[in-house]
2 protein chains.
Amino acid sequence: MTAMIRGRPLIIDTHRDPNVCLHCQARPFSVCSVIDDADLQRLGAAAVTMTVQPGHSFIQEGGQAEHFFNVTAGTAKLYKLLPDGRRQVTGFAGVGYFLGLAVSASYAFSAEALEPVQVCRFSRAKLRELLDDFPALEKKLLEVASHELVVAQEQMLLLGRKTARERLASFLIARVKMLPHCMGQQTVATKERIDLPMTRMDIADYLGLTIETVSRTLSRLRAEKLIEIPNNSEIVVLKHTALDNIATGMT
Amino acid sequence: MTAMIRGRPLIIDTHRDPNVCLHCQARPFSVCSVIDDADLQRLGAAAVTMTVQPGHSFIQEGGQAEHFFNVTAGTAKLYKLLPDGRRQVTGFAGVGYFLGLAVSASYAFSAEALEPVQVCRFSRAKLRELLDDFPALEKKLLEVASHELVVAQEQMLLLGRKTARERLASFLIARVKMLPHCMGQQTVATKERIDLPMTRMDIADYLGLTIETVSRTLSRLRAEKLIEIPNNSEIVVLKHTALDNIATGMT
DNA sequence: CGCGGTCGTTGATCTGGGTCAAGGTGGCGC
DNA sequence: GCGCCACCTTGACCCAGATCAACGACCGCG
């Protein structure tokens with residue numbers, strides 16, 4: 001059982017149920033989905049679960065890359081810094097996200113919890129063992145990495161060539177697409193509610209903008225009745241297709 | 001032997017030496033390096049070699065992703081387009097570069113030859129077979145993909161947060177780093193000659209700038225005696241460390 | 001309930017890099 | 001050799017988004 005001690009950055013869970021993985025709600029969304037139920041105990045034995053409090057980091061850019069992580073709850077931001085403090089958020093890691101793929105000796109980015117984050121931590125050596133024993137896991141990781149690459153290229157297009165308006169629209173549409181798919185018909189006017197665990201500053205650093213531009217642009221989209229902003233951590237997409245057209249540069 | 005027919009975009013080599021891979025000069029730089037000499041014939045049999053003339057594409061964004069490619073000679077640019085023609089070059093693929101990692105049904109980017117490019121082409125099915133038979137190859141691909149991800153994150157930092165001057169400096173330093181390492185001592189004043197197979201337009205599209213800004217910024221670096229520009233396809237780095245400081249935002 | 005602090009919004013102004021425009025340059029074919 | 005054409009450079013001006021500044025909204029705490 002995980003001890004939930006407030007005020008400490010990391011809480012490492014020492015008394016583990018050998019069947020944690022079997023009941024893990026993150027499994028269907030993560031690389032662990034390729035491991036059979038029968039083998040899950042091996043996986044569980046190799047991992048340590050950790051809780052990271054908001055604002056605290058569990059990966060530091062440039063630090064020794066000794067571990068791999070799998071997010072099982074919450075959201076973290078991944079970012080790189082320049083010496084003078086300029087920040088680029090390279091992504092947000094939600095449930096199921098696999099972190100630490102960088103094979104070099106040190107991490108290429110930092111990871112900081114936005115909400116209380118729970119992760120499974122694997123040592124480099126343990127992961128290697130698992131990969132040798134479960135080729136399906138290695139295949140899955142290659143698949144995940146390939147997908148990440150596609151996403152990264154899309155983000156390069158955004159950062160290099162899109163306007164502020166297009167960047168915000170792209171961000172909102174991407175967030176809508178990662179909502180648990182509702183089964184009902186998708187109409188043009190369907191209300192889609194997005195949860196934003198990150199601040200405006202994080203969004204700005206993700207989109208290569210300033211906080212003021214993010215704020216102004218969202219205000220304008222609201223004035224145009226494309227979105228609603230019920231509160232700072234929620235946005236409702238009112239006109240999905242219109243926003244999608246803006247996102248893809250068709251407006 | 002490869003027929004070198006000018007004026008056609010793609011030349012597919014049909015009469016192949018079963019030992020092409022054994023003598024391939026690109027092997028040490030490519031994923032093929034993990035395959036034993038004894039198994040190289042299998043690899044060679046699975047591949048078709050192709051020559052692509054400058055200006056011609058061998059991968060189209062959105063097209064059916066049926067093949068994987070390994071560059072064995074020349075350089076290609078990889079890019080994504082917006083509907084109105086805005087372009088983002090996501091990378092340059094030189095000798096040894098493995099292309100097509102995207103596991104989805106269609107390619108996420110286009111690839112166009114800058115110089116005559118030679119590639120080995122594998123069908124999706126053949127590659128899958130090879131991956132199943134040579135786990136080392138799969139490991140290597142995961143390693144390559146992970147490295148690509150690190151590079152992509154670095155490029156996001158560049159596109160999102162660096163100034164034009166820092167972008168050009170980063171580009172030049174990255175090019176210097178991929179030169180065949182000369183064994184001599186690296187001094188601050190060491191002349192390092194970079195070959196640029198791409199146009200200023202390609203560089204601009206890679207760095208998220210316009211052609212004019214690239215030109216102006218290079219002129220300024222030349223005026224400051226940090227670089228020399230003997231001709232349009234070559235740049236000599238005169239002050240590596242000064243340029244490196246600019247690249248990393250320390251100036 | 002008031003206070004301080006963080007986060008977000010909005011307005012005024014500034015500027016790095018984009019846009020528009022006008023040459024320069026060099027390689028290639030005839 | 002000469003002219004064409006693609007590529008590059010340089011200058012003048014402009015604008016999207018950054019910067020600077022002020023204020024508002026919300027929340028936890030004493």
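Computed from heavy atoms alone, side chains included, the values below leave out hydrogens, waters and symmetry copies. The chains referred to below are lettered A, B, ... by the order of the sequence lines, with proteins before strands, and numbering in each begins at 1. In this text the structure is predicted, and so the values were computed from the model without any measurement.
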Nucleotide nearest A:S219 when distance is taken to its side chain, options D:dT9, C:dT10, C:dG17: C:dT10
Listed nucleotide nearest any side-chain atom of A:S215, set C:dT9, D:dC8, D:dT10: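 Among the listed nucleotides, the one closest to the side chain of A:S215 is C:dT9.
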Under 4.0 Å between any heavy atoms, over every strand shown, what does B:G208 touch: base, sugar-phosphate, or nothing? Just pick one.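 Touches sugar-phosphate only.
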Just to be sure I understand the rule, does B:R222 reach a base, reach only the sugar-phosphate, or reach nothing, if contact means heavy atoms closer than 4.0 Å? sugar-phosphate
Report yes if the distance between the aromatic ring centroids of A:Y206 and A:F92 is under 6.0 Å, otherwise no. yes
Round to the nearest Å and state the distance from [X] atom [atom1] to [N] atom [atom2].
| X | N | atom1 | atom2 | answer |
| --- | --- | --- | --- | --- |
| A:R86 | D:dA18 | CZ | C1' | 13 Å |
| A:E234 | C:dG8 | CD | P | 14 Å |
| B:L218 | D:dT10 | CG | P | 10 Å |
| B:L168 | C:dG17 | CG | P | 10 Å |
| B:I235 | D:dC8 | CD1 | P | 11 Å |
| B:L221 | D:dT10 | CG | P | 12 Å |
| A:I203 | C:dG8 | CD1 | C1' | 11 Å |
| A:D205 | C:dC7 | CG | C1' | 14 Å |

For the helix from C:dC1-D:dG30 to C:dC30-D:dG1, figure out the bend between the end axes, five pairs an end, and round to 10 degrees. 40°
Here's a test of your reading of the structure: between A:I211 and B:K162, which maps to the more 5' nucleotide of DNA chain C? A:I211
Most 5' of B:N231 and A:N232 on DNA chain C, judged by nearest nucleotide: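 First, find each residue's nearest nucleotide; the 5'-ward one identifies A:N232.
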Indicate yes or no: does [X] engage [Y] in a salt bridge with an N to O separation below 4.0 Å.
| X | Y | value |
| --- | --- | --- |
| B:E224 | B:R165 | yes |
| A:E166 | B:R86 | yes |
| A:E228 | A:R222 | no |

Does the protein touch nucleotides 19-25 of chain D at the base, only the backbone, or not at all? Give it as B, S and - per nucleotide, heavy atoms under 4.0 Å. BB-----
Might you confirm whether atom CE of A:M201 has over 12 heavy atoms from other residues, nucleotides or ligands at distances under 6.0 Å?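 Atom CE in A:M201 is not packed in, count stays at 12 or less.
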Can A:E115 and A:T75 be counted as having a side-chain donor-acceptor contact under 3.5 angstrom?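 Distance-only check passes for A:E115 and A:T75.
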Donor on one side chain, acceptor on other, A:Q60 and A:S110, under 3.5 Å: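 No donor-acceptor contact under 3.5 Å links the two side chains.
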Specify whether B:Y107 and B:F69 have parallel, tilted or perpendicular ring planes, treating 30° as the upper limit for parallel and 60° as the lower limit for perpendicular. tilted
Nearest-nucleotide 5' precedence on DNA chain D, B:R200 against A:L209: B:R200
Can you check whether A:V119 reaches A:T49 side chain to side chain, under 4.5 Å on heavy atoms?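 SC-SC contact between A:V119 and A:T49 ruled out.
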A:K162 versus B:L82: any side-chain heavy-atom pair under 4.5 Å? yes
